[in-house]
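Heads up: the structure comes next, in structure tokens.
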Amino acid sequence: MNAPVKPTGYRKLAARYSDLAAGILAPERTPLADVWLGLPMTFVAGATNAGGLLAVGQYTSHMSGIISSAADHAVVGAMDLVLAGGGALIAFVAGAATSAILVNWGRLHVAGREYSLPLTLEALLLLAFGLLGSYTRHSTLALGMEVAVLCFIMGLQNATVTKMSGAKIRTTHMTGIVTDIGIELGKLFYSNRRRRGSGVPLVLADREKLKLLSYFLACFFGGGIVGAVGFSYVGFVFSVPLALLVLALAGPSALRILLR
């Protein structure tokens, strides 16, 4: 009788990686899972946003600037730019809506792995962005499609991470994170001298939250630097490693869905 085959070191490593990735995307959230999810996704958003400025000439991760820019262009009568801003807004909303559709469909059909669906789609779209980029220099239509793809990706990612973390994490724009950092810093430096012994609750900063938010901000900034350098020297193909990073998170769960 043959002895059972023991798993090799590579198989053990692959199994541990698959379990870790599945845990990061699990519906039952833990603070550690939110950290492991938020840091790489914030890095990808920063790199995509900064690289997108060099690639297509505008930021694509936050809608406040796009809507304000569209309003300015409307005042001066630049209706083509107003329509371009409207298209970017629609693409972002469509990305967020697509995330909601995929997650809710996944909860019904592949419960426990539903968040891998929109992230896998994001990875594929980042690959498409890299492939489509070589045509933007020759076609205005292709450039418009690039902008729409990036905005769709950012809406898709923002909605997915927001739903997954219970709105605790935002990865595609830093306004909320910077605001929260300011709030925690205000509480950190607040003097409780008159509150002590008065029965009034002390004002205390959440130091762990402040540290985590600072990590997210640093990842977005670092991703922006890497993205700007990468797109400057490599071009659109730099979106490929970003896609692979997202796929590294979503791939194991997506593969389990395909092989079930």
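- One finds no salt bridge joining Lys211 and Asp180 here, because no Lys/Arg side-chain nitrogen approaches an Asp/Glu carboxylate oxygen to under 4.0 Å.
- Put simply, the side chain of Arg113 never gets that close to the backbone of Leu255: no donor and acceptor are under 3.5 Å apart.
- Of the possible polar contacts, one joining the Ser214 side chain to the Leu210 backbone as a donor-acceptor pair under 3.5 Å is found.
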Inset, instruction - Run the numbers on His73 and Asp80 for side chain to side chain contact (heavy atoms under 4.5 Å, CB included), then give the verdict. - result: CA-CA 9 Å; His73 293 142; Asp80 56 335; over 6 Å; no
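- Hydrophobic clustering of Ile, Leu, Val, Met, Phe, Trp and Tyr side chains at less than 4.5 Å, counting indirect connections, keeps Ile90 apart from Leu83.
- Leu32 and Tyr215 fall within a single hydrophobic cluster, where Ile, Leu, Val, Met, Phe, Trp and Tyr side chains are chained together by heavy-atom contacts under 4.5 Å.
- Taken from SG in Cys151 to CG in Leu156, the straight-line distance is 12.5 Å, to the nearest 0.5 Å.
- A distance-only check finds a donor-acceptor pair linking the side chain of Asn104 to the backbone of Ala100 [under 3.5 Å].
- A pairwise comparison of heavy atoms in Ile177 and Leu213 identifies CG2-O, 3.7 Å as the closest pair.
- Ile181 and Val203 are assigned to two separate hydrophobic clusters, defined by single-linkage of ILVMFWY side chains at heavy-atom distances under 4.5 Å.
- For Phe152 and Phe92, the ring centers sit 6.0 Å or farther from each other.
- Put simply, the side chain of Phe236 reaches to within 4.5 Å of the side chain of Glu146, judged on heavy atoms.
- With contacts defined as side-chain heavy-atom distances shorter than 4.5 Å, the pair Phe129/Leu150 qualifies.
- The two residues Leu117 and Gly106 come nearest to each other via the heavy atoms CD1-CA, 4.0 Å.
- Expressed to the nearest 0.5 Å, how far CZ of Phe216 lies from CG of Leu39 amounts to 5.0 Å.
- The backbone N or O of Ile153 lies less than 3.5 Å from no partner atom in the side chain of Glu122, so there is not a single donor-acceptor pair.
- Counting heavy atoms from C-beta outward, Pro118 and Thr98 have side chains that stay 4.5 Å or more apart.
- Under the 4.5 Å side-chain criterion, counting only non-hydrogen atoms from C-beta, Ile183 is in contact with Thr179.
- Just one residue in the list Val240, Leu242, Val237 forms a side chain to side chain contact (heavy atoms under 4.5 Å, CB included) with Leu127, and that residue is Val240.
- Considering every non-hydrogen atom in both Ala148 and Ala91, the closest pair reads O-CB, 3.4 Å.
- Side-chain contact between Leu217 and Thr42 is absent, with no heavy atoms from C-beta onward closer than 4.5 Å.
- Ala248 and Ala21 get closest at one heavy-atom pair: O-CB, 4.1 Å.
- Leu247 and Leu37 are assigned to two separate hydrophobic clusters, defined by single-linkage of ILVMFWY side chains at heavy-atom distances under 4.5 Å.
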Inset, instruction - With salt bridge (charged side-chain N to carboxylate O under 4.0 Å, His left out) as the test, would you mind laying out the steps for Lys209 and Asp34 before giving the verdict? - result: CA-CA 12 Å; Lys209 179 180 180 181; Asp34 284 343; over 6 Å; no
Inset, instruction - Check step by step if side chain to side chain contact (heavy atoms under 4.5 Å, CB included) holds for Val93 and Leu89. - result: CA-CA 6 Å; Val93 173; Leu89 175 62; 4.3 Å; yes
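- By the 4.5 Å heavy-atom criterion applied to side chains, Tyr115 and Ser253 are not counted as neighbours.
- The two atoms that bring Ala88 and Ile66 nearest to each other are CB-CD1, 4.0 Å, heavy atoms only.
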Inset, instruction - May I have the step-by-step check of side chain to side chain contact (heavy atoms under 4.5 Å, CB included) for Leu244 and Leu126, ending in yes or no? - result: CA-CA 9 Å; Leu244 294 178; Leu126 280 171; over 6 Å; no
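- Residues Leu249 and Pro40 come closest through the heavy atom pair CD1-CG, 3.9 Å.
- No path of Ile, Leu, Val, Met, Phe, Trp and Tyr side chains, each step under 4.5 Å between heavy atoms, connects Leu13 with Tyr17, placing them in separate hydrophobic clusters.
- For the pair Met41/Leu119, a side-chain contact is recorded, criterion being any heavy-atom separation below 4.5 Å from C-beta on.
- Interatomic distance, Thr48 OG1 to Leu125 CG, rounded to the nearest 0.5 Å: 11.5 Å.
- Heavy atoms of other residues, nucleotides or ligands lying less than 6.0 angstrom from CE of Met63 number more than 12.
- No option in Leu102, Val103, Ile257 other than Val103 meets the side chain to side chain contact (heavy atoms under 4.5 Å, CB included) test with Glu114.
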Inset, instruction - Would you check, one step at a time, whether the test side chain to side chain contact (heavy atoms under 4.5 Å, CB included) holds for Phe238 with Ser232? - result: CA-CA 9 Å; Phe238 187 74; Ser232 294; over 6 Å; no
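- When side chains are defined from C-beta on, Leu188 counts as touching Arg207, because their heavy atoms get closer than 4.5 Å.
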Inset, instruction - Go through the steps to decide whether Arg256 and Ser18 satisfy the test side chain to side chain donor-acceptor pair (under 3.5 Å), and finish with yes or no. - result: CA-CA 9 Å; Arg256 290 181 181 183; Ser18 180; 2.7 Å; yes
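- The CG atom of Leu258 lies 9.0 Å from the OG atom of Ser116; values are rounded to the nearest 0.5 Å.
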